[in-house]
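Below: the structure, in structure tokens.
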Amino acid sequence: MIEFHPATRTFYLALHTSYYAFYVDDDGRVLHLGWGVSPNPQSKIQNPKLAESYLSLSSFDFQLLPQEILTFGDVTSTRESLKVSFGQLGQPLAEGEAAHLPVRDVRLRYTGHEVSETAVPGLAPTHGLPTAVTTPRQTLLVHLQAPLYPTFRATLHYRLTPEHDVLERWVTLENSGENPVAIETCAFASLHLPHGTTQLTSLAGAWAREFTTERTILPHGSHITESRTLQTGHSANPVWLLNRPHQAWEESGTVYFAALAYSGSWQTAIEHLPHGAIRLHAGYNPFDFALTLAAGEQHTTPALVCGVSDNGWGGASRRLHAFTRERILPAPQPRPVLYNSWEATYFNVTVQNQITLARKAAEFGVELFCVDDGWFGGRRHDRAGLGDWVVSPEAFPDGLRPLVDEIHSLGMKFGLWVEPEMVNADSDLYRAHPDWVLHFPGRPRTEARNQLILDFGRPEVVEHIFGLLDALVREYDIAFFKWDMNRNASEPGSVAGRGIWRAHVAGVYGVMDRLRRNHPQLDIQSCSGGGGRIDLGILGRVDQVWTSDNTDAFDRIRIQEGFSLGYPARAMEAWVTHEQNHITQRVAPLSLRFDVAMRGVLGIGSSLNELSAAELEQYASYIAFYKQFRHVVQNGHLYRLERLEEGGASAVQYVLPNGREAVFSMALRDYQVGHFRPRPILRGLNGEGVYTAVNRHGAEVLRATGYELMTLGIPREPQEHVGYSRTLYLRQE
Ligand code: DGJ
């Protein structure tokens with residue numbers, strides 16, 4: 001609900017358990033008033049005077065007004081949301097005054113507002129697939145203008161998804177004048193958090209170590225996280241949770257959350273100002289940034305998704321999960337059990353070895369068979385072939401058709417790995433178009449993993465790639481692309497100039513959206529050397545993501561726990577691979593490998609030829625078990641009952657919103673003899689209901705009321721040890 005109180009020019013946005021309020025002051029500035037947990041959904045704030053005290057202690061504090069958009073002009077000594085540079089003055093020069101061009105001073109003042117039910121942020125999906133929930137949402141548009149340069153306007157957007165306490169914020173900038181206007185920095189939004197909200201939970205990492213949860217108390221100053229490349233990045237993921245230190249925990253306390261819906265070069269600065277104010281500015285990375293609005297042009301940024309939870313970090317995660325499942329991911333469906341041949345055959349792909357794997361996979365219940373890297377062009381290793389998206393005659397002498405037909409006749413869908421943004425120097429594409437890669441003329445072109453990045457600033461390159469992929473899907477009835485992206489950017493020379501950072505993202509999104517529009521049966525998985533492109537922007541056009549190349553179940557417990565902070569299990573592809581992991585060399589029991597992979601979208605990546613008949617039977621039994629309850633994992637609410645940091649165990653629960661079905665999963669990564677962990681206490685069940693819990697063999701291991709499970713919890717087992725795990729499926733009778 002959006003309310004405006006004209007007497008005080010106060011805006012009050014009411015969400016399910018939270019509110020957001022701001023007002024317009026006498027000078028037309030739009031000032032933040034408050035954001036937090038709402039004590040009473042029926043009431044509202046109308047009196048902005050309450051917020052006006054103690055902003056200023058000295059003459060050094062004159063720029064501390066909490067404006068909803070902080071512009072370079074109104075502020076220079078704190079961080080800004082927007083910096084604009086005008087090549088003209090906008091009004092006549094006073095006599096004797098020098099022009100001091102360009103003028104880097106923009107002050108935006110309120111001119112009006114409206115409510116829309118159709119507003120969308122920049123780079124919103126255009127594939128036309130509906131999300132799970134499509135009911136219209138209200139967006140408040142607050143119009144601002146620069147009085148001293150009236151042809152420059154900005155519109156602040158606030159879209160409400162009240163049921164999840166989620167606000168999406170973005171900005172539209174418009175130049176209706178005759179001269180170009182240069183945008184120098186541009187956040188999608190700046191958020192004002194209550195003073196002292198200094199405990200930050202965030203996600204950092206590296207290749208094979210993605211989604212490492214970090215918790216810290218912010219010192220004064222600015223805490224910067226960013227991506228300086230063309231994808232979201234491994235080193236930091238754009239999700240943040242913030243609360244007052246020692247005032248929030250897993251299931252209690254007020255927690256603010258924010259996440260970016262953008263997959264390019266982003267930056268977030270969390271500013272802890274001298275008097276304790278906390279501001280979060282998130283949007284385009286100012287690194288190598290340029291955005292010029294030509295005469296009559298406007299630009300709409302993607303969204304910063306944010307909200308408040310009144311039930312801790314868990315509540316923040318569940319709100320983000322539900323929002324993503326219902327409003328971001330393409331329409332829901334049970335995600336199929338996938339087999340991927342990468343770790344079985346690597347680049348040694350042949351029609352025969354893929355058919356052998358497919359037959360075995362089909363026998364134990366796989367529903368989607370994906371051929372990974374190595375099926376195309378001269379791709380017998382990672383030094384050649386990228387860019388040549390034609391079937392390799394060496395691997396498939398009769399084309400892909402025999403394999404595709406075999407997979408279809410086995411009752412599975414067919415998927416292919418692609419890396420469309422890349423080219424090997426040793427490829428027909430590069431030989432034909434050496435100018436089609438990012439580079440600066442006459443300068444070195446640094447290769448990483450022997451590959452260069454195609455210049456998606458060139459429309460003809462995007463068109464070329466789209467044409468090839470579109471033809472592939474059409475010819476082979478492809479149901480799934482694993483869309484990979486395996487290097488960071490260097491030498492970002494492009495025909496799009498510095499605009500390449502945005503053009504690349506727009507190009508990738510555009511190709512994905514067009515493919516999906518043309519082929520509604522096509523699903524896409526986002527992969528970037530594992531989890532390098534995971535954010536709420538890419539999730540608008542893909543069905544799932546490859547969480548990490550690290551499939552070691554022991555490491556996966558931690559990686560997946562971090563992933564769950566911001567993203568739903570329905571999007572999290574997780575494979576069971578070899579007993580001895582190829583990356584870490586660690587050995588993990590099959591039970592742990594399955595129990596951990598079944599926490600998301602189950603996939604298999606093992607070398608099936610190395611498995612005994614008995615092992616294959618076990619695979620079949622686990623997959624059948626997973627299929628019984630995957631709807632709960634993929635659509636239920638997630639509770640992190642016990643986190644690794646508490647003592648080496650991870651216990652999670654998924655429960656359907658009606659409380660009638662739940663999945664309990666626990667895994668022990670570390671274990672101290674003589675230390676008895678607390679019994680995991682379940683949540684979200686129906687107190688009076690009677691539940692039976694079954695294991696993979698269908699054996700009833702527990703029968704109890706919801707009340708008992710939510711008070712006494714799940715009994716521990718005596719044989720718990722490092723690597724011990726269990727999954728139980730609970731149903732109300
Ligand atoms: C990186 C991905 O993360 C892997 O799963 C695999 O697809 C390789 N690329 C293939 O080159």
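Whatever order the structure lists them in is the order used to number ligands and atoms, beginning at 1. Reckoned from all heavy atoms, side chains included, excluding hydrogens, waters and symmetry mates.
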* To do: Give a yes or no on whether a salt bridge exists between Asp288 and Arg228, defined as a side-chain N under 4.0 angstrom from a carboxylate O.
  => no
* **Polar contact flag for Asp372 and ligand 1 (N/O pairs, less than 3.5 Å)** => yes
* Measure the distance from atom 9 (N) of ligand 1 to every protein heavy atom, then report the residue, atom name and distance (to 0.1 Å) of the closest one. => Asp484 OD2, 2.7 Å
* Charged N-O contact under 4.0 Å between Asp513 and Arg517 -> no
* To do: Could you tell me whether Asp552 and Arg593 have a side-chain N and a carboxylate O separated by less than 4.0 Å?
  => no
* To do: Give a yes or no on whether the backbone of Gly264 and the side-chain of Tyr284 come within a donor-acceptor separation of less than 3.5 Å.
  => no
* Asked: Where do Arg359 and Glu406 land on the salt bridge (charged side-chain N to carboxylate O under 4.0 Å, His left out) test, with the steps shown first?
  -> CA-CA 8 Å; Arg359 287 183 182 153; Glu406 177 75 19; 2.8 Å; yes
* **Within-shell test, Lys482 vs ligand 1, heavy atom, strictly < 4.0 Å** => yes
* Is the closest heavy-atom distance from Arg449 to ligand 1 below 4.0 Å? -> yes
* To do: May I ask you to check whether Trp342 has an N/O atom sitting below 3.5 Å from an N/O atom of ligand 1?
  => no
* Structure fact -> shortest atom 4 (C) of ligand 1-to-protein heavy-atom contact is with Asp549 OD1, 3.4 Å
* Structure fact -> Residues Arg449 and Asn424: closest non-hydrogen pair is O-ND2, 4.3 Å
* Looking only at distance, does Arg379 have an N or O less than 3.5 Å from an N or O of ligand 1? -> no
* Asked: Would one find an N or O of Phe347, backbone or side chain, under 3.5 Å from an N or O of ligand 1?
  -> no
* Is a salt bridge present between Asp372 and Lys482, judged by a nitrogen-to-oxygen distance below 4.0 Å? -> yes
* List every atom of ligand 1 that sits less than 4.0 Å from any heavy atom of Gly530, numbering the atoms from 1 in the order shown and giving each element. => 3 (O)
* Asked: Are Glu421 and Arg487 close enough for a salt bridge, meaning some N to O gap below 4.0 Å?
  -> no
* Counting from 1, what ligand 1 atoms have a heavy atom of Cys527 closer than 4.0 Å? -> 2 (C), 3 (O)
* Asked: What's the shortest distance from atom 11 (O) of ligand 1 to any protein heavy atom, and which residue and atom give it?
  -> Asp373 OD2, 2.6 Å
